[in-house]
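Here is the structure we will look at.
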Amino acid sequence: MLNFDEARFVRIQAGAVALRERIEAVVAQCLAAGAQNIFFLGTGGAAILMHPAAQLLQRRSRFPALIDITAELQLAQSVHLTDKSIVVLPSLSGTTKESVALLSRIKEVGATVIALVGHEETPLGKGGDHVFVNFAEDDTSCESFYLQSLFIALAVLKHRGELAESERILAELEQMPSLLLGVKRSYEKEAAGLAQTLAASDYHIITGAGNVWPQAWYYGMCILEEMQWIRTRPVHASDFFHGTLELVDKDVSVVLFKGEDSARPLTDRVEKFAPTYTDKLTVLDTARFELPGISPDVRALVSPIVLATALERVSAHLEVIRNHPLTTRRYYKRVAY
């Protein structure tokens with residue numbers, strides 16, 4: 001595979017999976033101590049990656065799960081953020097400005113902070129009440145954060161008696177590092193083709209629904225815009241029909257990501273509509289990937305992880321095709337803002 005270290009990838013994702021038991025113990029401790037809600041925060045892409053876990057709890061648990069914008073929460077506060085809150089703060093660097101700034105406010109309130117970081121010797125690595133460290137870099141962080149946040153959500157469900165067959169589900173998830181490597185291997189050639197498609201247009205409408213919608217949003221904003229300077233319009237597959245569809249014509253690229261949860265019919269609707277009006281519809285469907293030993297309900301849970309791992313292969317080819325390294329920036333962490 002192009003510019004890819006298989007052993008490194010598996011090691012990092014196995015590191016995320018290895019945190020599961022401790023995550024479960026920490027969540028159980030928080031619930032036993034009287035926690036009344038959980039916030040999934042973070043900044044930028046890391047915050048987006050928390051959305052599937054938050055959505056899982058919002059759909060399946062009566063335990064309140066909240067999403068907020070960290071920078072706004074610092075300014076506006078929230079009556080829901082109390083000493084009975086669990087706050088999940090992810091930051092790969094452990095130094096993200098907005099998240100570090102909010103940390104002191106959270107401490108004043110007395111909420112319990114679960115920090116997910118790539119480096120311990122950092123403000124968030126040192127500042128969390130419970131710190132989970134799993135080194136990763138941009139090309140491996142999506143899967144790592146998705147897995148860790150999923151384990152947090154599943155731990156809440158399990159310890160509240162809201163997760164049937166929890167042991168089976170968790171046992172299947174233990175297989176994900178090697179299965180994700182299989183996804184990458186199987187998709188390599190087609191990833192090069194999708195990279196060519198993305199490189200051929202300077203504007204893309206990117207859409208998805210359910211728990212893969214955050215990955216569509218993330219890929220448009222954090223990869224194509226930030227790392228490739230390609231203009232995108234990420235839009236939820238439902239909202240696609242409330243404005244964005246008017247931008248579609250035969251030369252407009254529409255990129256559709258499909259997962260395997262209950263929201264799949266919303267992406268089916270886009271897939272049915274788009275070919276009538278554009279010659280540039282591209283579909284990436286997680287259902288096409290083999291995941292031996294993974295049951296349909298768990299496949300639905302891991303769809304955003306599978307999508308992220310396939311798209312990393314696309315990004316690896318895209319930077320070569322466009323002669324634009326994924327690390328190149330004009331402004332991000334380079335100028336004052």
Side-chain angles (χ1 to χ4, degrees), residues 4-31 33 35 38-54 56 70 85-107 111-156 158-159 170 173-178 180-181 214 218 222 302 304-305 308-309 312 327 333:
F4 184 70
D5 184 332
E6 294 190 359
R8 169 179 167 271
F9 173 78
V10 172
R11 182 172 64 252
I12 289 170
Q13 306 318 323
V17 170
L19 295 172
R20 181 187 67 78
E21 290 187 1
R22 184 169 155 246
I23 287 173
E24 189 171 314
V26 165
V27 169
Q29 176 185 330
C30 292
L31 294 177
I38 184 168
F39 278 77
F40 288 89
L41 298 178
T43 302
I48 295 172
L49 298 175
M50 298 295 103
H51 282 224
L56 176 62
T70 296
S85 297
I86 303 168
V87 176
V88 181
L89 268 180
S91 170
L92 188 59
S93 69
T95 63
T96 309
K97 179 180 177 181
E98 295 89 340
S99 295
V100 171
L102 185 63
L103 183 62
S104 60
R105 173 68 58 80
I106 297 171
K107 291 289 191 178
T112 299
V113 177
I114 296 177
L116 311 178
V117 298
H119 305 275
E120 186 171 8
E121 298 299 320
T122 59
L124 289 175
K126 291 296 186 182
D129 296 294
H130 305 281
V131 179
F132 294 88
V133 183
N134 189 46
F135 172 80
E137 293 177 293
D138 285 342
D139 61 329
T140 52
S141 63
C142 281
E143 298 96 332
S144 177
F145 277 144
Y146 275 142
L147 284 165
Q148 291 176 69
S149 58
L150 176 58
F151 290 140
I152 291 171
L154 291 174
V156 171
K158 178 180 176 180
H159 288 279
L170 294 170
L173 289 173
E174 295 278 339
Q175 305 174 56
M176 288 310 298
S178 61
L180 291 173
L181 178 58
Y218 177 94
C222 297
V302 303
I305 310 175
T309 217
E312 182 277 326
T327 54
K333 294 185 179 181

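All values below come from the heavy atoms of this structure, side chains included, with hydrogens, waters and symmetry mates left out.
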If you measure from [atom1] on [X] to [atom2] on [Y], what distance do you get to the nearest 0.5 Å?
X: E120; Y: F132; atom1: CD; atom2: CZ; result: 12.0 Å
X: L147; Y: L116; atom1: CG; atom2: CG; result: 11.5 Å
X: I23; Y: L150; atom1: CD1; atom2: CG; result: 9.5 Å
X: F9; Y: D139; atom1: CZ; atom2: CG; result: 9.0 Å
X: K333; Y: K97; atom1: NZ; atom2: NZ; result: 12.0 Å

Flag side-chain contact, heavy atom, 4.5 Å: [X] against [Y]:
X: I12; Y: R8; result: yes
X: F151; Y: E24; result: no
X: D138; Y: L92; result: yes
X: E174; Y: R20; result: yes
X: V156; Y: I86; result: no
X: I152; Y: I38; result: yes

Exercise. Is there a side chain to side chain contact (heavy atoms under 4.5 Å, CB included) between F145 and M50 once you walk through the steps?
Worked result: CA-CA 7 Å; F145 277 144; M50 298 295 103; 4.0 Å; yes
For this session: Go through the steps to decide whether F4 and E312 satisfy the test side chain to side chain contact (heavy atoms under 4.5 Å, CB included), and finish with yes or no.
Result: CA-CA 10 Å; F4 184 70; E312 182 277 326; 4.1 Å; yes
Exercise. With sequence neighbours left out, what residues match S178 under side chain to side chain donor-acceptor pair (under 3.5 Å)?
Worked result: none
Of all the heavy-atom pairs spanning [X] and [Y], show the shortest one and how long it is.
X: S149; Y: L49; answer: OG-O, 3.9 Å
X: T112; Y: C30; answer: CG2-SG, 3.9 Å
X: C222; Y: G45; answer: SG-CA, 3.6 Å
X: H119; Y: V133; answer: N-CG1, 4.2 Å
X: P52; Y: I48; answer: CD-O, 3.8 Å
X: L173; Y: P177; answer: O-CD, 4.3 Å

Problem set entry | Atom CD of E6 with >12 non-hydrogen neighbours under 6.0 angstrom | yes
Exercise. Side chain to side chain contact (heavy atoms under 4.5 Å, CB included) between Q13 and I305: does it pass, once the steps are laid out?
Worked result: CA-CA 11 Å; Q13 306 318 323; I305 310 175; over 6 Å; no
Problem set entry | Sidechain-backbone polar pair: Q148 side chain, S144 backbone, donor-acceptor under 3.5 Å | yes
Exercise. Between the side chain of S85 and the main-chain N/O of V87, is any donor-acceptor distance below 3.5 Å?
Worked result: no
For this session: Check step by step if side chain to side chain contact (heavy atoms under 4.5 Å, CB included) holds for K107 and D129.
Result: CA-CA 9 Å; K107 291 289 191 178; D129 296 294; 3.2 Å; yes
For this session: List the steps, then state whether side-chain hydrogen bond (donor to acceptor under 3.5 Å, both in side chains) holds for T70 with E98.
Result: CA-CA 6 Å; T70 296; E98 295 89 340; over 6 Å; no
